[in-house]
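Data first, discussion second: the structure below is written as structure tokens.
Read the numbers this way: they start at 1 and go in the same order the structure lists the ligands and their atoms.
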Amino acid sequence: MGKENNTFDIYAPPPIEFASAKGCRLIDTKGREYLDCTSGIAVNALGHGHPHLVETLKKQAEEIWHLSNLFEIPGQAKLAKRLCDNSFADRVFFVNSGVEAMEMAIKNARRYHYAKGNPERVNIITFEGAFHGRSTTTIAAGGQAKYIEGFGPVAQGFINLPFGDHDALKAAIDEKTAAILVEPIQGEGGIREVPSQCMQGLRELCDEHGILLMFDEVQTGVGRCGELFAHQLHGVEPDLMAIAKGIGAGFPVGALMATEEVAAAMVMGTHGSTFGGNPLAMAIGNAVLDVVLEDGFMEGVNEKARSFRQTLAELVDTYPDLVEDVRGRGLLIGMKARVTNLELISAMRDEGLLTVAAGHNVIRILPPLVITDEDIRDVRTKMIAAFDAVRAAQKA
Ligand SMILES: *Cc1c(COP(=O)(O)O)cnc(C)c1O
């Protein structure tokens with residue numbers, strides 16, 4: 001039977017067609033406006049149509065799009081230096097997505113121990129509820145049955161532990177352990193934060209056993225949580241870190257960041273990427289940092305985050321039958337639902353407010369970092385309308 005739409009039926013989007021976008025607003029083909037608190041799942045950090053990004057893309061398109069890593073790529077050294085100057089890292093390798101950055105992180109961790117004469121150290125400890133991407137390896141790392149089932153032999157070398165079980169963690173470390181991998185705040189997993197004390201504990205445990213600490217900051221990174229990287233909220237540094245979503249702000253860019261000692265294991269020929277770090281991607285990545293690293297930008301994000309969270313907390317007080325808490329850091333916000341999260345998300349969409357579902361029945365609210373006070377007021381109005389509609393439907 002023929003199909004109207006020849007794309008895989010992997011997603012089931014609502015019947016809305018967006019035609020244009022500006023700032024935090026999306027406009028559909030009927031002219032209806034939506035407030036975007038999805039940011040393309042924490043991607044559109046600077047909102048839609050940011051003038052500096054648009055200008056940069058146009059200018060770079062007229063110079064060079066793509067070269068491959070056969071040649072020195074304009075912008076790679078500059079972006080790598082800026083990422084390193086503002087973090088623990090000494091070296092950066094550019095890829096195109098979160099999963100690619102995670103794949104390389106896993107390879108680098110194992111190769112580090114191999115290069116040190118400990119090839120038996122291959123196991124990576126991960127945590128329940130984690131999400132590290134959709135490759136055959138990273139679904140094993142995440143350990144979630146719903147993503148693993150039906151895809152053949154499960155990649156070996158991942159030990160998935162309960163979230164927050166310190167004793168299980170200590171018991172799991174042995175002579176085959178290569179690294180501990182964690183999201184400072186689980187995104188897909190329901191905006192679950194690793195407490196500061198546990199972050200410190202992870203670092204100490206890794207140092208004690210000579211294993212690597214790897215952070216997956218694909219979702220939390222690039223200003224989303226109120227610091228350039230979420231782990232900087234805790235003063236704990238990893239050995240390896242994957243970033244992606246926000247750094248391209250809508251252009252596919254990912255990166256693995258590493259210390260000198262760890263990166264040194266990835267010698268010539270051990271890894272590669274055809275598209276990774278191409279001139280267009282690097283121009284955009286640099287343009288994103290032009291804005292995010294500007295004096296006062298992060299202060300602005302934190303100010304907006306405070307008033308946004310205050311607004312949401314008040315709604316939790318007003319609608320305790322529908323939502324029970326506000327969680328997360330900065331503008332990586334979760335609201336735990338008391339009815340099914342999808343019901344509230346759908347009601348909000350009907351009112352012109354877009355949010356994302358996450359695990360543990362949480363609604364993820366991920367506005368662009370450039371959200372305005374007026375946008376926040378509109379979020380409040382739309383949320384109230386949606387929550388009232390859900391209440392009214394319950395009574396009917
Ligand atoms: C989105 C995400 C990934 C996967 O990124 P893709 O670009 O979709 O491959 C990995 N880890 C975390 C924490 C993510 O949020």
Side-chain angles (χ1 to χ4, degrees), residues 8 10-11 37-45 93-109 124-144 146-148 151 155 158 160 163 179-194 199 213-225 229-231 233 238 240-257 273 275-278 281 284-285 288 327-334 355-360 362-366 369:
F8 272 68
I10 285 175
Y11 286 100
C37 284
T38 68
S39 298
I41 315 189
V43 168
N44 300 100
F93 188 84
F94 293 104
V95 292
N96 312 287
S97 66
V99 73
E100 284 175 74
M102 274 314 310
E103 283 280 342
M104 187 180 176
I106 293 161
K107 286 176 74 175
N108 197 159
I124 293 167
I125 293 174
T126 63
F127 299 95
E128 179 266 317
F131 183 80
H132 299 299
R134 303 291 203 127
S135 69
T136 48
T137 301
T138 56
I139 55 176
Q144 300 202 44
K146 63 179 176 184
Y147 296 141
I148 291 173
F151 296 114
F158 296 98
N160 196 254
F163 192 88
I180 297 174
L181 166 60
V182 70
E183 297 156 81
I185 302 173
Q186 287 187 349
E188 307 284 325
I191 316 295
R192 273 205 297 184
E193 190 175 356
V194 180
M199 293 287 273
L213 183 57
M214 304 205 281
F215 289 154
D216 180 344
E217 290 229 28
V218 169
Q219 187 156 166
T220 53
V222 196
R224 175 61 48 193
C225 296
F229 302 110
H231 70 266
L233 294 162
L240 283 163
M241 176 169 77
I243 63 168
K245 295 188 164 98
I247 187 64
F251 195 91
V253 186
L256 178 68
M257 300 170 60
S273 174
F275 297 109
N278 87 8
I284 301 284
V288 170
R327 47 178 73 189
R329 292 285 196 123
L331 291 172
L332 184 78
I333 304 173
T355 58
V356 202
H360 292 270
V362 165
I363 300 161
R364 246 185 305 177
I365 300 162
L366 309 167
L369 305 183

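In terms of N/O distances under 3.5 Å, ligand 1 is not approached by Gly133. For the pair Glu100 and ligand 1, the shortest N or O to N or O distance does not fall below 3.5 Å. The shortest N or O to N or O distance between Gln219 and ligand 1 is below 3.5 Å.
For atom 8 (O) of ligand 1, the nearest protein heavy atom is 4.0 Å or more away.
Here the heavy atom of the protein found nearest to atom 11 (N) of ligand 1 is Asp216 OD2, 2.7 Å. Residue, atom and distance of the protein heavy atom nearest to atom 6 (P) of ligand 1 are Gly98 N, 3.5 Å.
Put simply, the side chain of Ser39 gets close to the backbone of Leu366: a donor and an acceptor are under 3.5 Å apart. Remark: the backbone N or O of Ile333 is not paired with any side-chain donor or acceptor of Arg364 at under 3.5 angstrom. The main-chain N or O of Val95 is never found under 3.5 Å from a side-chain atom of Ser273 such that the two would form a donor-acceptor pair.
Note that CG of Leu256 is 5.5 Å distant from CG of Leu240, once rounded to the nearest 0.5 Å.
With a heavy-atom cut-off of 4.0 Å, Lys245 touches ligand 1 through its side chain alone. In Val99, the parts holding a heavy atom less than 4.0 Å from any atom of ligand 1 are both the side chain and the backbone. With a 4.0 Å heavy-atom cut-off, ligand 1 is reached by the side chain of Glu183 but not by its N, CA, C or O. Heavy atoms from both the backbone and the side chain of Ser97 come within less than 4.0 Å of ligand 1.
Residue pairs meeting the salt bridge (Lys or Arg N to Asp or Glu O under 4.0 Å) criterion with at least one partner in residues 124-134, sequence neighbours excluded, are Glu128-Arg192.
Counting only heavy atoms from C-beta outward, the side chains of Pro238 and Glu217 never approach each other to under 4.5 Å. Looking at Ile243 and Phe229, their side chains come closer than 4.5 Å, going by heavy atoms from C-beta outward. Residues Thr138 and Ile106 form a side-chain contact, since some pair of their non-hydrogen atoms from C-beta on lies under 4.5 Å apart.
Counting the atoms of ligand 1 from 1 in the order shown, those under 4.0 Å from a heavy atom of His132 are 10 (C), 11 (N).
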